[in-house]
2 protein chains.
Amino acid sequence: MSSTVEELREIYANNQKKFLEDYFRFLSFQSVSTDPAFTPDVLACAEWLTDYIQSIGFTVEKWPTSGYPVIFAQNLEAGPDQPTLLIYNHYDVQPVDPVNEWSTPPFQPSIRNGEVYARGAEDNKGQCMYVLHALKVLKERKGRFPINIKLCIEGEEESGSRGLAETLTDPSRQEKLKADYLAIVDMGLRDKDTPAVTLGVRGITALEISVQGSKTDLHSGSHGGIVYNPLRALVQMLSRLWKENGEVAVPGFYDDVVELSPQEKDLVALDFDSEKYQAMFGALPTGGERAFSALERAWIRPTIEINGIGGGYSGPGMKTVIPAKASVKISCRLVPNQDPDVIGPLVAQFLKEQAPEGIQVVVPFSRGGGKAVRANPNSPVVKAFAQAYEELFHKPCERIFEGGSIPIATQLTEVCGGDVILLGFGLPDDQIHAPNEHFGIDRLEKGFIVMTRALELLEN
Amino acid sequence: MSSTVEELREIYANNQKKFLEDYFRFLSFQSVSTDPAFTPDVLACAEWLTDYIQSIGFTVEKWPTSGYPVIFAQNLEAGPDQPTLLIYNHYDVQPVDPVNEWSTPPFQPSIRNGEVYARGAEDNKGQCMYVLHALKVLKERKGRFPINIKLCIEGEEESGSRGLAETLTDPSRQEKLKADYLAIVDMGLRDKDTPAVTLGVRGITALEISVQGSKTDLHSGSHGGIVYNPLRALVQMLSRLWKENGEVAVPGFYDDVVELSPQEKDLVALDFDSEKYQAMFGALPTGGERAFSALERAWIRPTIEINGIGGGYSGPGMKTVIPAKASVKISCRLVPNQDPDVIGPLVAQFLKEQAPEGIQVVVPFSRGGGKAVRANPNSPVVKAFAQAYEELFHKPCERIFEGGSIPIATQLTEVCGGDVILLGFGLPDDQIHAPNEHFGIDRLEKGFIVMTRALELLEN
C-alpha cells in the first residue's frame, strides 16, 4: 500500500489549482500573534483552519487558552496495531515591519518566479499546508490513514507559545497528545537540492529592559554635560555583553552548556560556504565566538542578540534631545541543558549591574522562552523521513541543526513521550521574519510527497 | 522720555486680551522646520508674521532662501544720532514627538495655572511676541521708536539656519543687517525671581551615522552567531566615545578649546543646586566630565550626546530579528574656538574606525552647525538690558551662560558688526524641545517691560 514519487507528482498536478487556493486563503489572514491589534484576524484564521481540518476527516477540538486557541485533531482509524504520529505546526505569523520594504502587500499573496510572497508563506503556513494536503490525499485515496495521526497546531509560536505551554500542563490534554512519534514541521534544508532532517533546535529566552534618566525629555544643549544620557548608559551597558573574542561576558552564561559528543558531531553537516553566504545575504560571517566555526556558532553554541533599540528621536532631520528613557529588546539562543529561566534573569541582572549612577533600570519583560531540543538520530521516525527525502531527491539525506527556536518543542516532546524529528522545506533565503517572505510552489509539492511517503513508510 | 515699570504694567494690562490673541494665533501655526511635511504651515506662519510686523510700523522684506524666508524689518526714524539695535528671533519650532505625551494638542494653545502650553510657547514664539508688543506700544505712545530698530526673524533655527546662513553671505543683505548692537532674544533666567543676561552660548555640530551588516533583516535564530549584528556594532562603537571619567575619547576633540579666564569666571554665576535640579527634572547631575562642576560642564565645556537610536524592532512584543541596518543621531556642543566643520568629521571618522569587520558605516548627514558665541560683558547693550532687568526685579542682574546653541549667532554677530547680548525669559522647566512646552503669561508682561525699558535706556 505504498505510492511512488511519480504517482504522487501526478496527483499533486491534478490538485494544484485547488491546493493553491487553500494556501492563498490561509495566507490572507493577518494572524500576527505578537500584537493585540490583530486578535480578530488570528481568531478568524483558527476558525478557518478548524473547518479545513474537519473536512479532511479529522475530529477537531479547539482548545481555549489564555491567548489563542490550540487546534487539536485526531484520526485513530488505523487502529492499535499501527503507530501514532503527532504533527506540530503553527498558524500565527511574525509582524510585518518595516512594511514599506515589502514589494507586494504581506497579506495579499503574490507569485513571482514560482515563489509565493506573503507573511507566513514559509513560516509556518506553507509548511502546515503541505502536511494537510498530504493527509487529505492519503484519506481520499485509501479511505483511511496508514497510521494514527494527531495534529497540534498552535497560534502563539511567534509570541512565546504561552497558550500551548498552559495546555501541556493539563493532564487530560497531556493524555490526548501522547504518541509514538512527534514531527515538528517548521524546519528547512541548507539548499534546495540537498535533502536534510533536523536533529535539534536552539532554545530561547527573551527580555526587554528600559533605562530612565529623568522625568521628561531634556534639551541636549541646556542639560548636555549635566545629566547622564540614558542612551549613553544603554550603549555602554550593552557593549559589555560581549568580550573582545566574541564570547558572551555575562558570568555563568556558559556554565550549563553540554557540548556535542565527537560521534554526534561526525554525523552533522558542518561545512560552511562563506562566499555563498555572502552572495545570499550580503553579510560576512564575522559575528559570534572566534573559537568556533560559523555553523557551530549558529547551531550548537548559545548567543545574545540585540533585536531592537528605541530611544530619542529617529525621524527625519535632527532633534537635539536627551530622552528621558530608552529601551532594548534582547534574545538569547540556548543549547541543551541551558535553562531559559536561569539565563534570562542572569543577563538582566548583569545589565542592571552595569548601570551608571543616575540611571534607573527596569526589566518590564522577561520570559522563560523554551529549552533546546535534540533528536535521537536512530529512531524509526528519523529513518522514515530520511528515506522519504532520499526517494524524492535521489541523494543522501543530511543531518543538520537549526539555530532558531521552537520554544515549545521540549515541553511538547516530553508530553508526547515519543521520538521527535524536526523537518521541513524552508530555505535560508526565504526571508522569514523579514520583509518579502516567500516559499516555492515546487516546495509545496515536495513537502506533500515527503509527508505522504513518510507516513506510508511508518505503517507496520 | 522714559517710562516707569508701573506705567508699563498698566499699559500691558489694558492690552493683555489683544496681546494673548496675537500670541495664540502665532502658536497655532505648525511651523516645524525640521520636517518637510510642514512646509505649508511654516510658510503661512511667515506670511502672518510679516503682516503683523508691518502693522506695527516697520518696512518689512521677506528674503527668500533655499529653505524658509528670513523676515527682515527696519524702522530708522530715530535718525543717525541714535544707535541702531538689531533684534533676532525665529518663527520655526521643534517637532512634537512623542505627541501622545502632550496633555493638550501642541498647536492648540491652552492655559493652565497661568502658563500657556503649546509647541513654541517659549522657544521662540513667546519671546518673539513680547519683543513685538514692546515695539508696538513704543511706537503707539511716542509716534516713533527711541532708537533705530532692525528685526531679523528666521524660520530655520531648529533645523540649522541654512537659509539665514546663505543670506549672511550676500553683500547687500550684510549691509542691511549692520547695527551697533545685536540682541538675540532666545534665552532665559536660572529661576523666575533672578534677573539674568546671557554672555554666551555653545556651538553645535550634528551628525547621523548608519551601520549595515546584511542586505535584509535576518532571523536571529538562524543567523545569530554567524553575522555581526549591526546593533551590537553600533553600541560598541558608540560606547567608545567616552572615557571612564566622562571625557570625550575622540582624539583631538579638545585641541582647540579656549578656557574661560579667571576674571571672566568670577563674573559668572556658577553655583548649582543639585537637590533643586533633581526635584525639577527627576535627574541626577552625574553626566559629563568628572573634573568639572555641573554648570561648567553645561556652559563652558564641549559635549557629545546621542539624540536618538533606531534599529530593529521596538514595537509591542518581540521580533527575533537581526536588523540589516541601524542608525544614530549625535550632536556635539562646542565652546569658543572649536570649529563645527572640524569636530563633526572628527567624530564621524572616529566612529568609522571603531566599526568591526563585516559592518559598513555610512554618514548620510553631517552638518557644520554653528560656533559658540561670547559677549563683551562691558558693552552699552549689556549694561542697558541689565539695568532694565534690575528695575523690574529690584535685585542684581546675574551674568550667566547657556548650554544650548543658536547655530547662526556667531555669523550674525560678525555681519552685524556690533556688540552682542543674549537674553530672554525662558525658565529651565519650560519643557522646550519636549512634550508640554509652556511659557508664563507673567513672563510675556515682564519681557514686554524689559524690552521697552532697555530700548529707552539705549536712546542717547
Side-chain angles (χ1 to χ4, degrees), chain A residues 34-35 94-95 97 159 202 206 213-217 219-222 224-229 231-232 235-236 238-239 281-288 294 297-298 301 303 305-314 316-322 329 331 333 357-358 403-405 432-434, chain B residues 34-35 94-95 97 159 202 206 213-217 219-222 224-229 231-232 235-236 238-239 281-288 294 297-298 301 303 305-314 316-322 329 331 333 357-358 403-405 432-434:
Chain A
T34 53
D35 185 345
Q94 278 276 318
D97 320 62
S159 61
R202 291 197 287 192
S214 55
K215 281 194 290 201
T216 60
D217 289 356
H219 187 289
S220 71
S222 310
I226 300 183
V227 299
Y228 211 108
N229 187 328
L231 282 171
R232 176 184 161 203
V235 302
Q236 289 174 327
L238 293 171
S239 71
F281 302 112
L284 290 172
T286 56
R297 276 144 41 201
R301 295 293 299 171
T303 62
E305 293 294 346
I306 303 173
N307 302 119
I309 294 182
Y313 181 75
S314 52
M318 286 298 297
K319 190 177 174 197
T320 49
V321 68
I322 296 178
K329 292 181 200 284
S331 58
R333 299 289 165 168
E357 191 193 353
S405 308
I432 64 167
H433 293 213
Chain B
T34 53
D35 185 345
Q94 278 275 319
D97 321 61
S159 61
R202 291 196 287 192
S214 55
K215 280 193 291 199
T216 60
D217 290 356
H219 187 289
S220 71
S222 310
I226 299 183
V227 298
Y228 210 107
N229 187 328
L231 282 170
R232 175 184 163 202
V235 302
Q236 289 174 327
L238 292 170
S239 71
F281 301 112
L284 290 172
T286 56
R297 276 144 42 200
R301 295 293 298 173
T303 62
E305 295 292 348
I306 304 173
N307 301 120
I309 295 181
Y313 181 72
S314 52
M318 287 296 299
K319 189 178 175 197
T320 48
V321 68
I322 295 177
K329 292 181 200 283
S331 58
R333 298 288 165 169
E357 191 193 353
S405 309
I432 64 167
H433 292 214

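Every chain is numbered from 1 and lettered A, B, ... according to where its sequence line falls, protein lines coming before strand lines.
- Within the 4.5 angstrom heavy-atom criterion, no atom of A:Arg301 approaches chain B.
- Between A:His219 and B:Ile432, some side-chain heavy-atom pair lies under the 4.5 Å cut-off.
- Using a 4.5 Å cut-off on side-chain heavy atoms (C-beta onward), B:Asn307 and A:Met318 make contact.
- Put simply, of B:Ile306, B:Thr216, B:Asp217, the one with the most heavy-atom pairs under 4.5 Å next to chain A is B:Ile306.
- The greatest number of non-hydrogen atom pairs below 4.5 Å with chain A, out of B:Ser220, B:Ala434, B:Pro316, B:Gly358, is found for B:Ser220.
- Contact tally against chain A (heavy-atom pairs below 4.5 Å) for B:Ser405, B:Gly225, B:Gly308: the top residue is B:Gly225.
- Looking at heavy atoms from C-beta onward, A:Glu305 lies out of side-chain contact with B:Leu231 at the 4.5 angstrom threshold.
- Between chain A and the residues B:Thr303, B:Ile226, B:Leu284, B:Ile322, the most heavy-atom pairs under 4.5 angstrom are made by B:Ile226.
- Per-residue heavy-atom pair counts under 4.5 Å with chain A were compared for B:Arg297, B:Lys215, B:Arg202, and the maximum is reached by B:Lys215.
- When each of A:Ser222, A:Gly310, A:Ser331 is scored by its heavy-atom pairs under 4.5 Å with chain B, the top score falls to A:Ser222.
- Contact of A:Ser214 with chain B is made through backbone and side chain together, with heavy-atom distances under 4.5 Å.
- The residue among A:Gly312, A:Gly288, A:Gly287 with the most heavy atom pairs within less than 4.5 Å of chain B is A:Gly287.
- Among B:Arg232, B:Glu357, B:Gln236, the residue making the largest number of heavy-atom pairs under 4.5 Å with chain A is B:Arg232.
- Contact between B:Thr320 and A:Arg333 at its shortest, heavy atoms only, is CB-NH2, 3.3 Å.
- A:Gln94 touches chain B through its side chain: at least one heavy atom from C-beta onward sits under 4.5 Å away, while N, CA, C and O do not.
- Interface remark: B:Thr286 contributes backbone and side-chain atoms alike to the contact with chain A (heavy atom separation under 4.5 Å).
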